[in-house]
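Contents: one structure, followed by commentary.
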Amino acid sequence: MAATPSPFARRVLDAVDAIPSGHVLSYGDVAEYIGAGSARGVGAVMARFGAEVPWHRVVMTDGRPAPGHELRQLALLRAEGVPLRAPGDRVQMARARWDGGVVALRSS
DNA sequence: GCAATGACTGGTA
DNA sequence: TTACCAGCCATTG
């Protein structure tokens with residue numbers, strides 16, 4: 001079993017686990033969703049305890065997957081039905097971004 | 001308790 | 001579009 005995640009880590013894991021299939025969230029959005037820490041902090045937690053949650057639903061603010069897991073993450077996102085851009089190296093944040101915590105501005 | 005590391009972000013070239 | 005730099009934060013040794 002993995003080491004006991006800190007209160008902050010637990011919060012991050014809970015937020016990532018709350019992301020519905022077919023949607024993604026950026027590291028900075030997760031930090032904002034939990035109202036604590038920052039993208040760096042979320043990334044640090046994901047790197048240690050990300051295996052306990054659907055980490056593949058967390059991408060860069062640019063819609064780019066995490067370094068070292070690009071293929072793995074893209075494959076999982078594609079399987080979830082996430083709108084991808086190009087043959088499959090980037091995610092359409094404008095369409096895949098989850099609006100469950102941050103009421104994004106729906107320009108429509 | 002301090003220093004180093006890293007799955008981050010925004011700005012500039 | 002890609003590449004590089006400085007700032008920010010949590011975890012580990």
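Below, chain A is the first sequence line, B the second, and so on; all start at residue 1.
Checking B:dT9, B:dA7, C:dT11 against every side-chain atom of A:V45, the shortest atom distance belongs to C:dT11. Checking B:dG10, B:dG6, B:dC8 against every side-chain atom of A:A44, the shortest atom distance belongs to B:dG6. The side chain of A:A39 approaches B:dT9 more closely than any other nucleotide in the set B:dA7, B:dT9, C:dT12. Closest approach to the A:T61 side chain among C:dT11, B:dT9, B:dA7 is made by B:dT9 (side chain taken as heavy atoms from C-beta onward).
Applying the 4.0 Å criterion to OP1 and OP2 of B:dC8, one finds that A:R40 has a side-chain N or O inside that range. Distances shorter than 4.0 Å separate none of the side-chain N or O atoms of A:R10 from OP1 or OP2 on C:dA10. Close to C:dT1, at under 4.0 Å from its OP1 or OP2, lies no side-chain N or O of A:R64.
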**OP:** Verify salt bridge (Lys or Arg N to Asp or Glu O under 4.0 Å) between A:D29 and A:R97, making sure each step is shown before the conclusion.
**Re:** CA-CA 9 Å; A:D29 285 352; A:R97 199 170 228 183; 2.5 Å; yes

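In this structure, A:R90 reaches the sugar-phosphate backbone alone: every heavy-atom distance under 4.0 Å involves primed, P, OP1 or OP2 atoms, never a base. Within the 4.0 angstrom heavy-atom criterion, no nucleotide atom of any strand lies near A:A31. In this structure, A:Y27 reaches the bases: a heavy-atom distance under 4.0 Å links it to at least one base atom across the strands shown. Residue-level contact check: A:G28 touches the backbone only, with heavy atoms under 4.0 Å from sugar-phosphate atoms and none from bases. Within 4.0 Å of A:M46, counting heavy atoms only, lies at least one base atom of the nucleic acid.
The 5' end of DNA chain B is approached more closely, in terms of each residue's nearest nucleotide, by A:V58 than by the other of A:V58 and A:D62.
Between A:H69 and A:W55, the ring planes are perpendicular. Angles over 60° get that label, and only those under 30° would be called parallel.
Straight-line distance from the CE atom of A:M60 to the P atom of B:dG6: 14 Å, rounded to whole Å.
A:R57 contributes a side-chain N or O that, together with a main-chain N or O of A:I19, makes up a donor-acceptor pair within less than 3.5 Å.
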